[in-house]
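Here the structure is laid out as structure tokens; the discussion comes afterwards.
A quick note: this is a predicted structure, and the numbers were derived from the prediction, not measured. So that the names make sense, note that chain A is the first sequence line, chain B the second, and so on, each numbered from 1.
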Amino acid sequence: EDQVTQSPEALRLQEGESSSLNCSYTVSGLRGLFWYRQDPGKGPEFLFTLYSAGEEKEKERLKATLTKKESFLHITAPKPEDSATYLCAVPTGGGADGLTFGKGTHLIIQP
Amino acid sequence: KAGVTQTPRYLIKTRGQQVTLSCSPISGHRSVSWYQQTPGQGLQFLFEYFSETQRNKGNFPGRFSGRQFSNSRSEMNVSTLELGDSALYLCASSLAGGAGEETQYFGPGTRLLVL
């Protein structure tokens, strides 16, 4: 069964304290891995798509990487405005089952 | 370019009623997917529409249905509401491909509370 697991469930950091969020997946024939950011009461906001092992993408203080079994979202010198829930998702059932999401990592950056 | 819009943003219904939610995709996007988000189950795929046809369907009962119009706008309907249907319902659009082919962009959601 296709699965997506994110860890940790919650993470509290001081402003400027870098860290990484993990997304491990089991899916046959990966067709892409997506990272989204979700603020309370809002819909997920697209961050990155990764398609193949070794691929990396960056945006401001965020960098996403992909291996054959997991993806990491690295946050460098975070600011309070980076506080949000970060979700990763993979297409499952060959895309026929939509996106399967992990439960997310709730990130809090304290000033 | 305007993003995905959903109406209404909030709804309160009672058990047994039915509800219709609306979604307007990003201009030029023809694929619309619907998801349910709850604290316990997270985000779960409901169905996807493309060219007015349901292309894919998740594991939800038949009380959940949808349709798409010729302008790509989509509606979803939930009949005989149950307490467990209380959730944030999210709509996502992409150009033409499904979840396995293109990035999906999400709307702000409709929060449904069933009493």
Side-chain angles (χ1 to χ4, degrees), chain A residues 1-10 21 23-25 27-52 55 57 59 62 64 66 71 84-106, chain B residues 3-7 9-10 21 23-26 29 31-50 54-60 64 66 76 87-113:
Chain A
E1 181 184 334
D2 297 334
Q3 284 190 329
V4 180
T5 304
Q6 292 188 245
S7 62
E9 289 184 15
L21 313 182
C23 171
S24 63
Y25 60 89
V27 61
S28 30
L30 183 68
R31 298 163 65 100
L33 185 141
F34 299 82
W35 281 100
Y36 289 86
R37 166 194 170 129
Q38 186 173 27
D39 293 300
K42 296 187 177 181
E45 175 189 346
F46 171 70
L47 292 174
F48 305 108
T49 307
L50 302 167
Y51 288 104
S52 55
E55 189 174 0
K57 288 193 177 174
K59 179 182 179 180
L62 300 176
L66 182 66
S71 177
T85 295
Y86 290 85
L87 299 161
C88 73
V90 297
T92 49
D97 297 334
L99 289 173
T100 293
F101 281 83
K103 293 294 177 67
T105 293
H106 181 50
Chain B
V4 178
T5 57
Q6 293 186 244
T7 56
R9 293 295 312 280
Y10 304 94
L21 313 181
C23 170
S24 293
I26 292 171
H29 284 197
S31 169
V32 174
S33 297
W34 289 89
Y35 292 82
Q36 181 195 66
Q37 186 174 30
T38 59
Q41 298 299 317
L43 271 148
Q44 293 182 289
F45 173 69
L46 280 157
F47 30 65
E48 183 215 354
Y49 284 86
F50 176 76
Q54 187 180 87
R55 185 157 64 178
N56 294 303
K57 187 177 189 304
N59 189 25
F60 278 80
F64 292 83
M76 70 162 282
L88 181 67
Y89 290 88
L90 292 158
C91 165
S93 76
S94 59
L95 277 169
E101 300 167 24
E102 293 176 357
T103 298
Q104 295 185 325
Y105 296 89
F106 284 82
T110 294
R111 184 161 298 281
L112 172 65
L113 176 61

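No more than 12 heavy-atom neighbours from other residues, nucleotides or ligands sit within 6.0 angstrom of CD on Glu9(A). Within 6.0 Å of NZ in Lys57(B) there are more than 12 heavy atoms belonging to other residues, nucleotides or ligands.
Contact of Lys103(A) with chain B is made through the side chain alone, with heavy-atom distances under 4.5 Å. Of the atoms belonging to Gln37(B), it is side-chain heavy atoms, and not backbone ones, that fall under 4.5 Å from chain A. Contacts of Arg55(B) with chain A are absent, with no heavy-atom separation under 4.5 Å from either backbone or side chain. Contacts of Leu30(A) with chain B are absent, with no heavy-atom separation under 4.5 Å from either backbone or side chain.
For the atom pair CZ (Phe101(A)) and CD (Gln41(B)), the distance works out to 14.5 Å, reported to the nearest 0.5 Å. Between the CZ atom of Phe106(B) and the CG atom of Leu99(A) there is a distance of 6.0 Å, given to the nearest 0.5 Å. To the nearest 0.5 Å, atom CD of residue Gln104(B) and atom CZ of residue Phe46(A) are 11.0 Å apart.
Closest approach of Leu88(B) to Gln38(A), counting heavy atoms only: CD2-NE2, 4.1 Å. Of all heavy-atom pairs spanning Gly43(A) and Leu90(B), the tightest one is CA-CD2, 3.7 Å.
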